[in-house]
Amino acid sequence: MSGSESFISIRDVSKHFGPVRAVDQVSFDIKRGEFFSLLGPSGCGKTTLLRMLAGFEVPTKGELFIDGQAMSTVPPNARPTNMVFQNYAIFPHLDVRGNIAYGLRKARLPKAELDATVDQALEMIKLPGYGSRRADQLSGGQRQRVALARALVRRPKVLLLDEPLGALDKKLREEMQLELRQIQQTVGITFVFVTHDQEEALTMSDRIAVMSKGKVLQIDDATRLYEAPTCREVADFIGTMNFFDGAVATVENGHAAVDAGPLGTLWVGTGEHALGPRAPVTVAIRPEKVQIGWDRPDQPYNVVEGRIGAEAYLGDRSHYYVEVPGLARRVAVAYQNMARSLDNSSDQGRTVWLSWPPDSAILLPGA
Amino acid sequence: MSKAARGDPLFVYAIVYLIFLYGPVLLLPLFSFNDSIYIAFPLKGFTFEWYRQMVQNGSLMDALQNSVKLGIVVAAISTGLGIFAAKAVTRYDLPGKGPITGLIMLPLVVPSIILGIALLVIARKFLDIQLSLYTIGAGHVLICVPFAMLVLVSRLEGFDRNLEEASFDLGESGWSTFWRVTFPLALPGIVASLLLCFTISFDEFVLAFFLAGNETTLPIFIFSQLRFPNRLPGVLALGSCILVFSFLIVTLSEWLRRRGVQPTKQGAAI
Ligand SMILES: Nc1ncnc2c1ncn2[C@@H]1O[C@H](COP(=O)(O)OP(=O)(O)OP(=O)(O)O)[C@@H](O)[C@H]1O
Ligand SMILES: [Mg+2]
């Protein structure tokens, strides 16, 4: 038994299209029953990686294993995977029943059992009574469900989904996110889910692989990706982040003093990084972890004076963009509007003090 | 059509154009019912005599039968070759795809009289085979394949590649995917191609003239009849029948083509 630790194993896989390295020496494992997302900007190689798992693309280098079996010689129609395509690829010449039963021909089920299976699938996707509809008589969300049912009736070991919610409007998308997660937990199949929407990835996944330019930057759960990104690119891609460049001055029991030029010395927890003095680093802090006030706080370090350059009222919170002398980029600060107030006068141009405790900031190697 | 449009010079031009185009053709059925062997106004009287003569003319019926048989076989072979060529061109990255497509399309632009002479030389001098309906058929396939391919390539390009991938993904092989997905979706194109190829073969004259053996096709037969004035009304009757039949075929293929647009749109929608 290969163990639940690595159900899908991707070993040093590359895919080149001529000069383009769509996927570049990627290695990682996906566990059995996991909801695993591939997240990254457009063109980073998510679809290519998914299509290699499905068997539609052959890796230029490397090997993929599913449930301990090497996939290089297995054609798509013999793999234990099924795919939900980005545009759903519902067969237009068949009705909903025909689509769902399409992949069951080889199973040679007796008619009654086949009908029961299809009925059950229609029940699962909440479309009972839609069996005789054609694809062009379905809405986008309904087509998405049919594509899902068509793949799931085959009981694959792995379900591959390529941005399945991308074409739906916001409300339907959120509904489908919940439903998809629920279905995944019911059937217990490993899902590999491609998306470029970070919120979607964060809310749905057990673990997420953040990709950029064909490489995997970090694989972690949502909390760790947000609170403990391991590189600047991930920190920048997930949510909003302020970055301050500097160099390590001293390291004292788990905290580093970073000489950050115009901001003076910043204290920050080192995390797992082992850093020597003078190493170039970046101090990163989320907008909601910065405290903002009119007066200088009573704190010996991590205090910055600035001027409000722009503000945005968002109801539950306000965003301030604070100009700090010597910094090219304005510092983003989120302020929770806890007290009810009808005062809408502008604070633009006023002097403010920013501060944060050392463990709220993140230390990233490299400037 | 509004009053303003009626006075429009372009509208007048269109009417004149249509009369010019279809007027002569419509004389055919008109004189085929005229009770006189001379094609001249004024009309004499109404008769079915020429249609009766047509049906009783054995060699005419033989030629018609030859043409229909030939058309059906040529249409089937050309469309069969066309669909596999079209699938190769639209679905695979073949080395030398451009030149290959160009060569298949070449008969479209080579004058058929040149093709006819070339094929005659090959058949008689190089291969030394007897001229027959088979040689005509081979020539017709050569000129029909490009048309079949044009129709089928546009049909195959019109629907989503993902549909075939989805079929693979759902466990089907290449062959069963072709029959369960590609073929039914390409069907309107296939029928249109069959009808088109049949029509091309049915009224093709030049190649048939060069490649015919003892058995002739209908166009050649009609041409040979023009020397005998008393046979002319029978030819007119035949021409009228073909006219009506062609009209039905064109209408049918156009209807199929329009009907076929629908799933394409759906496939492209996201
Ligand atoms: N068949 C192909 N031929 C050539 N280049 C390709 C091919 N497929 C993908 N690429 C290239 O590989 C890179 C990665 O493409 P891929 O489709 O995997 O990106 P993606 O992350 O899915 O992007 P998106 O979010 O836009 O779907 C892109 O630069 C793309 O242009
Ligand atoms: Mg993609």
Side-chain angles (χ1 to χ4, degrees), chain A residues 17-18 47 50-51 53-57 75-94 98-108 134-140 143-144 146-147 149-156 158-160 162-168, chain B residues 83 86-88 90-98 152 154-193 255-270:
Chain A
F17 294 108
T47 298
L50 202 70
R51 287 172 60 83
L53 282 169
F56 296 129
E57 306 283 359
N77 53 356
R79 293 200 180 193
T81 59
N82 278 113
M83 185 141 163
V84 176
F85 289 82
Q86 184 161 12
N87 59 1
Y88 312 141
I90 302 291
F91 301 119
H93 57 299
L94 301 175
N99 268 280
I100 293 176
Y102 189 92
L104 295 175
R105 190 178 68 106
K106 287 264 169 65
R108 299 199 185 284
R134 280 178 169 273
D136 52 4
Q137 297 168 319
L138 297 174
S139 72
R143 266 186 239 175
Q144 198 270 333
V146 173
R150 181 177 73 179
L152 283 177
V153 288
R154 285 177 53 80
R155 309 225 154 275
V158 181
L159 188 72
L160 308 168
D162 191 359
E163 305 204 21
L165 310 179
L168 309 181
Chain B
I83 183 133
K87 176 136 165 74
T90 52
R91 293 294 187 268
Y92 302 103
D93 271 328
L94 303 170
K97 189 156 92 176
L152 292 165
S154 73
R155 181 69 201 167
L156 288 189
E157 268 173 355
F159 74 79
D160 190 356
R161 282 178 86 131
N162 278 348
L163 293 172
E164 284 159 309
E165 285 186 345
S167 171
F168 282 119
D169 191 63
L170 293 166
E172 296 295 336
S173 65
W175 187 242
S176 55
T177 292
F178 179 81
W179 287 112
R180 292 190 77 189
V181 176
T182 316
F183 184 80
L185 287 176
L187 195 56
I190 290 170
V191 174
S193 162
W255 179 74
L256 280 168
R257 198 181 64 77
R258 298 223 173 143
R259 224 177 64 108
V261 173
Q262 194 185 338
T264 310
K265 256 199 204 133
Q266 189 278 325
I270 296 184

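Below, each value reflects all heavy atoms present in this structure, side chains not excepted, and no hydrogens, waters or symmetry copies. Chain letters run A, B, ... following the sequence lines, proteins first, then strands; residues in each count from 1.
Between the side chain of B:R155 and the backbone N or O of B:L185, at least one donor-acceptor pair lies under 3.5 Å. Between the side chain of B:Y92 and the backbone N or O of B:K87, no donor-acceptor pair lies under 3.5 Å. Between the side chain of A:N82 and the main chain of B:D169, a donor-acceptor pair closer than 3.5 Å is present.
Both the backbone and the side chain of B:R180 come within contact range of chain A, judged by heavy atoms closer than 4.5 Å. Heavy-atom distances place both the backbone and the side chain of A:Y102 under 4.5 Å from chain B.
Shown here are the side-chain contact (heavy atoms from CB on, under 4.5 Å) partners of A:D162, two or more places apart in sequence or in another chain: A:T47, A:L50, A:M83, A:Q86, A:V194.
Options A:R79, A:R105, A:R150 differ in how many heavy-atom pairs under 4.5 Å they form with chain B, and the most are formed by A:R105.
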